[in-house]
Undergrad: 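One structure is given below, represented as structure tokens, and several questions about it will come after.
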Amino acid sequence: MVDLDSLKADIDSIGNQIKQAKSDKLDKSVIDPLVKQLLAKKQEYADYNNGIGVDGKPFGTVSNATSSKKKDPAKAQASQEVNPENAAKKAAKKAEKAAKKAAHKAGGGGATATAADSGKKNPVGASTPPPVVPPTSVAATNTVKANTTTTSAVVDGPNVASAVSNFKVAPLQIVINPNAPKHGVMDRPYMALAVSVLTNTDVDLQITLAPRAPRAMLGLENGTLVGDLAMARFLYRRAPAGPCNVLTCTIEQEALQTSWIDYASSMTQVGVDQRLKGLAMTLEHALQTRTYLVGYSLSMADLALFAVLGWPCALTQKTAILAQLQDYPCATRWVKMLASHPALQKATQLALGDAEEAIFNHDDVLEPMVSGMNVLEGAIPGQVVTRFPPEPSGYLHIGHSKAVLLNDYYARRYKGRLIVRFDDTNPTKEKQEYQQSIVEDLELLGVHPDVVTYTSDYFGAIQAKALQLIQEGKAYMDDTPQEQMKEERANRIESKYRNSQTPEQAQQLFLDMCEGKPDTETWCLRAKIDMKSDNGTLRDPVLYRQNLTPHHRTGITYKAYPTYDLACPIVDSLEGVTHALRTTEYNDRDEQYQWLLKALGLRRVRIHAFSRVNFQYTVLSKRKLTWFVDQKLVNGWDDARMPTVRGVVRRGVQVPALKAYIYSQGASRRVVNMVWNSFWAENKKILDSSAKRYMAIDAANHVPLTVVNGPTVDSNTFLTAAFHPKDASMGERAIRISKDVILESIDVEGIVEGESIVLMRWGVVKITKVEETDGKVMAITGEFIPNGDFKTCKRKLSWMAKVSSNATVVLTEFDYLVSKDKLEETDRFEDFVNENTLATTTAVGDAGLKTLQQHDIIQLERRGFYRVDRPYISDAKPIVLFMIPDGKTKSMSGMTGKLIHH
């Protein structure tokens, strides 16, 4: 991304060199190359600044100074100066005149309201004209009348017009140059985006950052709009009226707003300091007895003046503007009010895109974004609300963990709220058991929602919204058999009831279905959207069905229930969700989601799509996982072979590692099959730093070693070793030593007399005798060498003293449930069931293993990492350790275990 400040510094530097060269009367051969370099830098600056040069004017236009040479300098100066007080009076008169004219055309005939009329319904009139200050994003050069529809770009200069025409912009796509100054006139579409937020239509826009964009642009069906004001007016005209459109106004108010907008546009033509003074005086006069410039609420007039001030929403710009308004209390109050308006702050962030996060208050400073994660579009600190809506029809699996962790991350980072909402709309599948398990699994993941809600709490409200759709002709009742309906939707055939059923008939059928009356079980409610749409989800989807199964929370209160497609957008809007994170498999349904919100006149919710998690050799379908449980191929939903949250945690997954892995994938839309080994490698980083070290030897496959000069068992001799070789703070463990030792059989294969070996944590032993049978080592004798040289020994072995205090240990290994890395849609998963997924080994380990507690993580040296699944209870119930994969395809030593090393 180009740094315009650096370019400007280069231009200043070259300019100074030219001045110095001329002062020194250097030859043209020195000056001319500098001039060419200066022009090239100025051109580059303009290219990346929407065609505006370093002087704030369109690059390449004839300087006013040149044309004014023919005039009297004094007169020219006088003609360019604007008296702020006179400008305010003229604008006030113009506003009043425009309002009278509009009222007369509307048939009202009366005079416009003045400040003295503030007690009346629409006190808008004689507010004085408007503002000035740092350049903002009002495109004065692209003035479009409020009652016109602009279908082509109006730009200044053939170069810019050509650049715009060559830049392809899709309908309702806003293109912003990320290199454009953040507070320059025409640079960022703050006003347009504020209008879209205030009219509840911002989610319809596709905002794109394009470094080569000549200006901020908005794509239309038949052209491109250029400039903030032109875009704002179009979006204002496009937005439907209603309770979610706060900019709705009367004809008289619109006329007054137009006058203020014209004033704002005119003020962009004067210098920054003069503009600020004029705006300050105007605002001070206009806001003596009112909060807003027009009417009782925020309007286009306020937005236009705020834009000319430089859109001082962000903390730095707001502080700078307020410092210059100290003598204007009314103007100061107005700027503070607008700068703190949530819609304007959201517009500011949208205009900046993901290139920068705006800071609006001193408390808004955010933690750096975790590597891999993306900025949440339009997110404002303190205002973000996310939700995780699990259906209580099964246990959470590793795929759900991505959804909940992303929602939790964004809610916490933006200092917002996380809602966990149980989507309990299907009583046939739901159980209290599943609901409770989800609560427990969230605790395992370290997720603590700010509030827990239930869709069933909103059944009454959802039913009322369904009736609204019926009464407005946007939904109808249908009893077409399911298979026939499926076929008709696929072939885009309309239901026989779609255009023949009256709203009254549909309403009665709906109410009968909801009451569970006889012969209504075949009916369902369908939305009337578009049966010809290429998007299948818009072909009149089902919204409500009857279900007489008692609900686990509401009992038999309701006899019909909404589908997820209807309930989700309604409850999202009612609960104040700002960002609905949904997997890409819902992409087609996103349009349906927004249709329902618009059809019901509800607050719109921004959708943030991300790819679902898929792992190799893993099935995540609830139906398929239930099959494994029902077939007794696993020991329940918490079996360590299951990809459920409780299953993987039992296997040894560390939640911080899981979070780091999920975050590293980010909220991208690209669907990939994750490799388990890469996750286990991430998991190992946490295990390695915190796992205490112990040793254990296979109880069945070992070889005795006699250390002839070692201590006897009766001497009860110990040595000490650090629990962790790199962290002394973890303490030390006692290790029993004696002359009788056991070694792993695989470790002594090929050992010869005279060879020296290292017994880890003890010392060097020189082998003096090797006993073999049929080439297999059966016993070894050796001599302990005090202060022996470790470096000369090739074998560094784990071992155990042969003493009665040792712990019996059951080591458990696991493998994948399916044998194919990626199951295709045509595959029967039952054909790829892995029949060998569990193996156990009995080992002899350190006596200290008996002190471990459930869930402790340890490392058995040269074997691997293990989680304590069952602590030591008695010799009859020894400690049970679950092996944790480390991401390697080979084990730490030659001890490969009984299963493939996953």
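Below, each value reflects all heavy atoms present in this structure, side chains not excepted, and no hydrogens, waters or symmetry copies.
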Undergrad: Are L225 and M217 close enough, and set up right, to give a side-chain contact (heavy atoms from CB on, under 4.5 Å), and what steps lead you there?
TA: CA-CA 6 Å; L225 273 178; M217 298 178 287; over 6 Å; no

Undergrad: side-chain contact (heavy atoms from CB on, under 4.5 Å) between N374 and D354: does it pass, once the steps are laid out?
TA: CA-CA 8 Å; N374 306 318; D354 58 7; over 6 Å; no

Undergrad: So, does Q173 use its side chain to make a donor-acceptor pair with the main chain of A170 at under 3.5 Å?
TA: yes

Undergrad: A side-chain contact here means heavy atoms from C-beta on lying under 4.5 Å apart; do L566 and I462 qualify?
TA: yes

Undergrad: Is a side-chain donor or acceptor of D228 paired with a backbone partner of M191 at a separation under 3.5 angstrom?
TA: yes

Undergrad: When you compare the side chain of M300 with that of Y236, does any pair of heavy atoms fall below 4.5 Å?
TA: yes

Undergrad: With a 3.5 Å cut-off and no angle check, do the side chains of W334 and D302 form a donor-acceptor pair?
TA: yes

Undergrad: Quick one, V197 and L350 - any side-chain contact, counting heavy atoms below 4.5 Å?
TA: yes

Undergrad: Over all heavy atoms of both residues, which pair between N361 and L315 is shortest? Give the atoms and the distance, please.
TA: C-CD2, 4.0 Å

Undergrad: Above 12 or not: heavy atoms from other molecules or residues under 6.0 Å from CZ of R582?
TA: yes

Undergrad: Do Q592 and D565 have side chains that approach each other closer than 4.5 Å (heavy atoms only, starting at C-beta)?
TA: yes

Undergrad: Nearest 0.5 angstrom please: L596 CG to L602 CG, how far?
TA: 9.5 Å

Undergrad: Restricting to non-hydrogen atoms, name the atom on A351 and the atom on R188 that form the minimum distance, rounded to 0.1 Å.
TA: O-NH1, 3.0 Å

Undergrad: Would you say the side-chain atoms of N177 pair up with the backbone N or O of P211, donor to acceptor, closer than 3.5 Å?
TA: yes

Undergrad: Looking at R539, is its backbone amide N or carbonyl O close enough to the side chain of D530 to form a donor-acceptor pair, meaning the two atoms are under 3.5 Å apart?
TA: no

Undergrad: In Å, rounded to the nearest 0.5 Å, how long is the span from CG of D202 to CD1 of I174?
TA: 10.0 Å

Undergrad: Using a 3.5 Å distance criterion without hydrogens, assess whether the side chain of Q345 forms a donor-acceptor pair with backbone atoms of F360.
TA: no

Undergrad: For K474, does the NZ atom have more than 12 heavy-atom neighbours from other residues, nucleotides or ligands under 6.0 Å away?
TA: yes

Undergrad: Any idea which heavy atoms bring A264 and L305 closest together, and the distance?
TA: CB-CD1, 3.9 Å

Undergrad: Would you name the heavy atoms of V384 and A379 that are closest together and state the gap between them?
TA: CG2-CB, 3.6 Å

Undergrad: For V542, does its backbone N or O pair with a side-chain atom of R526 as donor and acceptor, under 3.5 Å?
TA: no

Undergrad: Take D478 and R498 through the salt bridge (charged side-chain N to carboxylate O under 4.0 Å, His left out) test and state the conclusion after the steps.
TA: CA-CA 8 Å; D478 194 350; R498 194 178 199 273; over 6 Å; no

Undergrad: Would V375 and Y414 count as a side-chain contact (heavy atoms from CB on, under 4.5 Å) if you check the C-alpha gap in whole Å, the side-chain angles of each, and the deciding distance to 0.1 Å?
TA: CA-CA 10 Å; V375 171; Y414 288 104; 3.7 Å; yes

Undergrad: Do the non-hydrogen side-chain atoms of S495 and M477 ever get within less than 4.5 Å of each other?
TA: no

Undergrad: Would you call the rings of Y586 and Y564 parallel, tilted or perpendicular, where under 30° means parallel and over 60° means perpendicular?
TA: tilted

Undergrad: Please walk me through it: do D540 and R489 pass salt bridge (charged side-chain N to carboxylate O under 4.0 Å, His left out)?
TA: CA-CA 8 Å; D540 295 7; R489 292 186 70 200; over 6 Å; no

Undergrad: Are side-chain N/O atoms of N535 and T537 paired as donor and acceptor at under 3.5 Å?
TA: yes

Undergrad: Between R237 and E254, does a salt bridge (charged side-chain N to carboxylate O under 4.0 Å, His left out) hold up when you go through it step by step?
TA: CA-CA 11 Å; R237 283 292 182 181; E254 186 169 344; 2.2 Å; yes

Undergrad: Is there a side-chain contact between L229 and S265 (heavy atoms, below 4.5 Å)?
TA: yes

Undergrad: Answer yes or no: is there a side-chain heavy-atom contact under 4.5 Å between V605 and Y593?
TA: yes

Undergrad: Quick check for you: to the nearest 0.5 Å, what is the distance between N245 atom CG and T199 atom OG1?
TA: 5.5 Å

Undergrad: Spell out, as yes or no, whether a donor-acceptor pair under 3.5 Å connects the side chain of R603 to the backbone of V577.
TA: yes

Undergrad: Do R233 and T258 have side-chain heavy atoms sitting under 4.5 Å apart?
TA: yes

Undergrad: May I have the step-by-step check of side-chain contact (heavy atoms from CB on, under 4.5 Å) for L303 and L198, ending in yes or no?
TA: CA-CA 11 Å; L303 298 180; L198 290 163; 4.0 Å; yes

Undergrad: Closer than 3.5 angstrom, by distance alone: can the side chain of R417 be matched with the main-chain N or O of V385 as a donor-acceptor pair?
TA: no

Undergrad: Can you confirm whether the side chains of N499 and Y476 place a donor and an acceptor under 3.5 Å from each other?
TA: no

Undergrad: Atom SG of C313 and atom CZ of F306: how far apart are they, to the nearest 0.5 Å?
TA: 4.5 Å

Undergrad: If you round to the nearest 0.5 Å, how far is CZ of R606 from CD of Q594?
TA: 9.0 Å

Undergrad: Quick one: does any side-chain atom of Q253 pair with a main-chain N or O of T250 as donor and acceptor, under 3.5 Å?
TA: yes

Undergrad: Between atom CD of Q317 and atom CG of L309, what is the distance when rounded to the nearest 0.5 Å?
TA: 12.5 Å

Undergrad: Can you see which heavy atom on A192 is nearest to which on L235, and at what distance?
TA: O-CD1, 3.5 Å

Undergrad: Taking atom types as modelled and ignoring hydrogens, do the side chains of T583 and E585 form a donor-acceptor contact shorter than 3.5 angstrom?
TA: yes

Undergrad: What closest approach, in Å, do T563 and Y544 show between heavy atoms, and which atom pair accounts for it?
TA: CG2-N, 4.2 Å

Undergrad: Donor-acceptor check, side chain of Q349 to backbone of E356, threshold 3.5 angstrom: yes or no?
TA: yes

